[in-house]
Amino acid sequence: MQHATRGMEKEIGALQQEEKKLVAEIKRTAKTGNEGATKILARQLIRLRQQIANLQGSRAQIRGIATHTQAMHAHSSVAVGMKGASKAMAAMNKQMEPAKQAKVMREFQKQSAQMDMTTEMMSDTIDDALDNDEAEEETEELTNQVLDEIGVDVASQLSAAPKGKIASKNTEDASSSGIDELEKRLAALRNP
């Protein structure tokens, strides 16, 4: 189609050159006063212009057909792509059985929860094995030393803190030894 369009454009260009020559010849004939020859040349000019207009219309139609053909090719390519995609999706749907996938997910959740519990138990055991009073005393001494170096007066700040026990039904039994330990530390900080 591009070849045909180029051929028509060459033909239109040649006819336009011929039109210029014909216009020049009509002017020469009109100057000589030959009215019959001028009319014949004028008819030829009209026919020539009609041929140019027809060729331009044909060229536009060929370009339109070429554009339409390209659009059809694009639609065909899209259809082929969609066909391949739908085949791939169908194959995946056959492989992905929803009941089987749900079972796998439930098993994964179960194993994950069991692993979390095991990890937590191991961490607690390790913490209990490594936890001793000497480490706590060293930590407290180091903390006090750092606070003294930066000039923080913990005793004056703690004197404003409430001094009574915190009572709660759920936490009273479980944390009474922790509260007693905290009260001992507060008393030691108040009386340096």
Side-chain angles (χ1 to χ4, degrees), residues 1-127 130 139 142-143 145-147 149-152 154 157:
M1 289 195 182
Q2 289 178 350
H3 180 69
T5 304
R6 280 194 297 262
M8 285 187 170
E9 287 173 353
K10 285 180 184 178
E11 189 66 33
I12 289 170
L15 289 176
Q16 287 173 339
Q17 290 295 327
E18 186 66 32
E19 178 184 12
K20 289 178 185 177
K21 291 177 186 176
L22 195 54
V23 168
E25 193 173 333
I26 289 173
K27 288 180 182 178
R28 276 194 310 262
T29 308
K31 285 182 184 178
T32 60
N34 190 349
E35 196 174 309
T38 305
K39 284 184 180 183
I40 292 172
L41 290 173
R43 280 189 212 125
Q44 285 180 351
L45 180 63
I46 290 170
R47 286 188 196 118
L48 186 64
R49 287 181 177 167
Q50 286 174 348
Q51 283 180 333
I52 291 172
N54 288 340
L55 284 174
Q56 287 173 338
S58 296
R59 180 183 62 186
Q61 286 178 343
I62 289 175
R63 285 183 178 168
I65 291 169
T67 303
H68 186 68
T69 303
Q70 287 174 344
M72 287 175 55
H73 179 69
H75 288 297
S76 174
S77 297
V78 169
V80 168
M82 289 176 71
K83 181 180 177 183
S86 62
K87 282 183 180 179
M89 288 190 296
M92 288 305 296
N93 284 336
K94 285 180 182 177
Q95 290 179 0
M96 304 266 306
E97 298 172 13
K100 187 176 181 181
Q101 295 297 324
K103 182 180 176 184
V104 168
M105 292 304 292
R106 283 192 302 271
E107 182 64 24
F108 175 80
Q109 288 174 342
K110 177 182 169 186
Q111 294 300 326
S112 179
Q114 187 175 1
M115 187 174 78
D116 288 344
M117 288 173 30
T118 304
T119 303
E120 188 176 333
M121 287 173 45
M122 292 292 289
S123 294
D124 289 345
T125 304
I126 290 171
D127 289 344
L130 298 177
T139 303
L142 184 62
T143 303
Q145 182 182 358
V146 170
L147 291 175
E149 288 176 7
I150 60 173
V152 175
V154 177
Q157 292 177 356

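Below, all heavy atoms of this structure are taken into account, side chains as well, without hydrogens, waters or symmetry copies.
Rounding to the nearest 0.5 angstrom, the gap separating the CE atom in Met8 from the CG atom in Leu55 is 6.0 Å. In this structure, the separation between CD on Gln2 and CD1 on Ile62 is 11.5 Å, given to the nearest 0.5 Å. In this structure, Ile46 CD1 and Leu41 CG are separated by 11.5 Å, a value rounded to the nearest 0.5 Å. The OG1 atom of Thr5 sits 8.5 Å away from atom CZ of Arg59, with the distance rounded to the nearest 0.5 Å. Annotation: the span from Gln50 atom CD to Leu45 atom CG amounts to 10.0 Å, rounded to 0.5 Å.
Among pairs with a residue in residues 61-73, those fulfilling side chain to side chain donor-acceptor pair (under 3.5 Å) read Glu9-Arg63, at least two apart in sequence or across chains.
The minimum heavy-atom distance between Thr38 and Ile26, with the atom names listed, is CG2-CG2, 4.0 Å. The two atoms that bring Leu22 and Gln44 nearest to each other are CD2-C, 3.6 Å, heavy atoms only.
Residue Glu107 forms a side-chain contact (heavy atoms from CB on, under 4.5 Å) with just one option from Gln111, Gln109, Met105, and that option is Gln111. Evaluated for a side-chain contact (heavy atoms from CB on, under 4.5 Å) with Leu48, the options Lys21, Arg43, Gln16, Glu18 yield exactly one hit, Glu18.
Within the 4.5 Å cutoff, side-chain heavy atoms of Met82 are placed close to those of Val78. Using a 4.5 Å cut-off on side-chain heavy atoms (C-beta onward), Met92 and Met89 make no contact.
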